[in-house]
Structure formats: structure tokens, C-alpha cells
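In what follows, chains are A, B, ... by sequence order, proteins preceding strands, each numbered from 1.
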Protein chains: 2
Amino acid sequence: MKVLTKKTDYAIRALLMLGAKKGSYVSAKSIALEQDMPYQFLRGVLQEMIRHGLIVSKEGVQGGFMLAKAPDEIPVRQLIEIFQGTVQVSECMFRKQICANRSRCVLRHEIMRIEEVVNNEFEKVTIGKLLRTLRAEDNMRSVLKDGEAPDSQTRQTGVMS
Amino acid sequence: MKVLTKKTDYAIRALLMLGAKKGSYVSAKSIALEQDMPYQFLRGVLQEMIRHGLIVSKEGVQGGFMLAKAPDEIPVRQLIEIFQGTVQVSECMFRKQICANRSRCVLRHEIMRIEEVVNNEFEKVTIGKLLRTLRAEDNMRSVLKDGEAPDSQTRQTGVMS
DNA sequence: TAAACTGATACTATATTGATATCAATTAAG
DNA sequence: CTTAATTGATATCAATATAGTATCAGTTTA
Ligand code: FES
Ligand code: FES
């Protein structure tokens, strides 16, 4: 059971990059390179996010993408919904004889409850939250390469070595 | 995002039938007919459950399948695990530069926590529990067709008509 | 006007899920 | 002791979903 598909995965990571370099346009190419994603595939993902109003773009030289809203207003939940559709149980179980009374079907009830729990949880995890934690944990070196570089005392952990 | 695949779906419903007619062998054919499942596909599912010790079988005429353990000891969680594999995040996000320190990766942490919640919930939903509720709600007519028929006062709701 | 970009879309490949088909072995019943 | 009902074990196929590639037109800046 795969929770996140590649599209959602790429979407989150792309958004994190945009969130890290807020205010400037970041090209699909640079994201693809830095995050090792297939370029055209990523472009499709980005366009989908434009359609959903999460990001905006600028064409032409020096063009690229930028967040359209505050990172805290982009829950992972929404990305899952966009790229994987809303969580749904196996259609309708017991459709034949066993469960004749739909509104009261136990399993259906149970699963919808669980669905809700999951959705609530993913709603709480936003790009902003991830961004903050990543910053706090100082794993942002590559993303920040230029921009607001965390002046020295940064490489003490030496993770990339 | 599909929570339950057909295999899990069929498995649950087959087990409910076995649970309803406990003590006697129920053939794959009768399950397939009554529950409207593809016969051979169902057989595959049943064999898988035998391998996992959930049910036992008897070959030959009047053969079939029977629960190998108490319904309360069969959590839906286990069925999901058998037929859909353990819940797993999209491999490992941020595998490249962003998240260099795996053990501390935020999103990973969040998702594993959510996974746990889901697993706990599905652990609590057992075949026994479903069975009881179904019984209580008197939606068992078709399953109980013969066997422990709930003497009269049963068809008042007239669902199958 | 050329190069660096996005918009839009069509296409291909791979993996997963769902379903079917076949044949040998076993068992109960007549 | 033969036949029909049944499971065991596999092999194959079809349908769908996911992942990835390619192409070309339009836009913008230098
Ligand atoms: S799950 Fe659909 S009626 Fe029970
Ligand atoms: S998800 Fe794998 S290291 Fe962060």
C-alpha cells in the first residue's frame, strides 16, 4: 500500500524548494536537476499545481515558478487529493446480499472513520511546517545554495561528505 | 487513493461467510455465487489465506473452507497486510540533497506516525466485530440462509424483495 | 533574433491489479 | 470403483494506474 505516489512526492519537494526561495522564480529545470526528478514529468506536476492555484509561473527567459500562497496554507492533504484523488474505500463492499442497509454498514462506517483520521492528520502537515522543521534541522544547505544562506557554522554535521 | 483492493474486499467478505457458518465447510463456489465474486480469483484469495493460517480447507466432494481461528483474532489490518503489503511511504522522499539526515526527516516522521494510527485502527476492526454488528443489525439473512436461522420475525424489513 | 523558458498535449513504458484457464489430486456418494 | 464435486497449484491474459518521454508552439529577456 503506497501512501504517496511519485507525483505527490515530487510536488512536495518542488514546493519546498519554492518555499525556500520565496519571492523569486525557480525554473523547472533547476528543480529537476537539484532534486533529481524527470524534467518533463515534473513539468506536468507543476502545471497541475498551477491549475489548482498553488503556484504561479512566468514564461520566457528567467521565468519559472513561485508559490501562490503561504506555505502554511498548503497541506500535504491537498496534494494527495490533487494527485491521488480522495481516499476511497473499495467502492462499496458487501454490495450484494450481506450488507443490505448501506447507511449502517459497519465496515463502511469503520473505514470512513479511519479515512477521516488520516485526512485530518495530513491536513495538519503543511509545506510550511515541513519547511520550518527542515530549516531548524539545518538540512537546507543544498536548497539555500544561494539566497538566504545560513552563514557559516552550517557544515558542522558534515552530512554530505 | 484506494484503501482496500478487490482481494482484501473479497477476503473480508469470504471470511464473514465462513464466520457465519462456523463449523461446516463452505465451498469457494458457493461463496463466489452468493457474494458475486469471480470464482477463480476468489480461489486464489482463499489459498493465500490458507497459507497464512487464517482458514483451513477440505478437498473433494463436500469440501470447502472453514475458519482456522476465532473471528476476533482476524483483524482487517492483517488482511490488508497480506493482500496489499505493509503501508509504505513513497520509498524515501528527499533522498537526494534536501533531507540528508534520514532519521530526523520530518515528513518521513509524520507519515510513519500516520501509518501507525491507521494500522492501529484497522487492527481494532476484526472479522468478529464486523460479524457481530452485522448480526445485530440483522443484515445476515442471506448468509444465514440455512444454519442458525434467526427464527421468524426476521423478514420484517423485507430488504431482499 | 536567439536562447531560456512555460503551455499544452500526445505518446510510450512499466507496474499493479483484476480476472481467467487448465490440469492434477482428493474425497464422498452412489 | 467410478463419477462428480471439490481444492492445489500454476500459467496466462486483460485492464488500469503510474511513471516517464517527446514535441512543438508561444513568451520573454538579453
Ligand atoms: S459497504 Fe456498501 S453497503 Fe456496506
Ligand atoms: S524521507 Fe528519506 S530521508 Fe527524509
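Residues B:Met17 and B:Met66 are members of separate hydrophobic clusters, defined by side-chain heavy-atom contacts under 4.5 angstrom among Ile, Leu, Val, Met, Phe, Trp and Tyr. In the hydrophobic clustering of ILVMFWY residues, with side-chain heavy atoms under 4.5 Å counting as a link, A:Ile50 and A:Phe83 come out together.
The residue among A:Ala28 and A:Val61 whose nearest nucleotide of DNA chain C lies closer to the 5′ end is A:Val61. When each of A:Phe83 and B:Val26 is assigned the nucleotide of DNA chain D with its nearest heavy atom, B:Val26 is the one assigned upstream, toward the 5' end.
B:Gly44 comes within 4.0 angstrom of no nucleic acid atom, judged by non-hydrogen atoms across all strands. Using a 4.0 Å heavy-atom cutoff across all strands shown, B:Leu46 reaches no nucleic acid atom at all. Using a 4.0 Å heavy-atom cutoff across all strands shown, B:Tyr39 reaches at least one base atom of the nucleic acid.
Picking from D:dT18, C:dA8, C:dC5 the nucleotide with the shortest atom distance to the side chain of A:Gln40 gives C:dA8. In the set C:dA28, D:dA9, C:dT17, the nucleotide with an atom closest to the side chain of B:Lys58 is C:dA28. Comparing atom distances between the A:Lys6 side chain and each of D:dA19, C:dA8, D:dG8 picks out D:dA19 as nearest. For B:Lys2, whose side chain is taken as the heavy atoms from C-beta onward, the closest listed nucleotide among C:dC5, C:dT17, D:dT18 is C:dT17. With distances taken from any side-chain atom of B:Arg43 to the nucleotides D:dT18, D:dA9, D:dT29, the minimum falls on D:dA9. In this structure, of D:dG20, D:dT27, C:dA19, it is D:dG20 that holds the atom nearest to the side chain of A:Phe41. Looking at the side chain of A:Ile50, the nearest of the listed nucleotides C:dG7, D:dA9, D:dT7 is C:dG7.
Between the CD atom of A:Gln62 and the C1' atom of D:dT27 there is a distance of 14 Å, given to the nearest Å. As rounded to whole Å, 13 Å separates atom C1' of C:dT26 from atom OH of B:Tyr25. Put simply, CD on A:Glu59 is 5 Å from C1' on C:dT6, counting in whole angstrom units. For A:Met37 and D:dG20, the CE to C1' distance is 14 Å, given to the nearest whole Å. Taking atom CG on B:Asp9 and atom C1' on C:dA19, their separation rounds to 15 Å, with Å as the unit. C:dC5 atom C1' lies 14 Å from atom CG of A:Leu42, rounded to whole Å. Atom-to-atom, CZ of B:Phe65 to P of D:dA5 comes out at 17 Å; the value is rounded to the nearest Å. Spacing between atom CG of B:Asp36 and atom C1' of C:dA19 amounts to 13 Å, rounded to whole angstrom units.
Within the 4.0 Å cut-off from OP1 or OP2 of D:dG8, at least one side-chain nitrogen or oxygen of B:Ser57 is found.
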Mind running salt bridge (Lys or Arg N to Asp or Glu O under 4.0 Å) on B:Arg113 and A:Glu121 for me, showing each step along the way? CA-CA 9 Å; B:Arg113 190 176 55 75; A:Glu121 294 298 329; 2.9 Å; yes

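Residues A:Val3 and B:Ile114 fail the side-chain proximity criterion, which asks for heavy atoms closer than 4.5 Å.
A:Lys69 NZ: more than 12 foreign heavy atoms inside a 6.0 Å radius. Atom CD of B:Glu116 sits in a sparse spot, with 12 or fewer heavy atoms from other residues, nucleotides or ligands closer than 6.0 Å.
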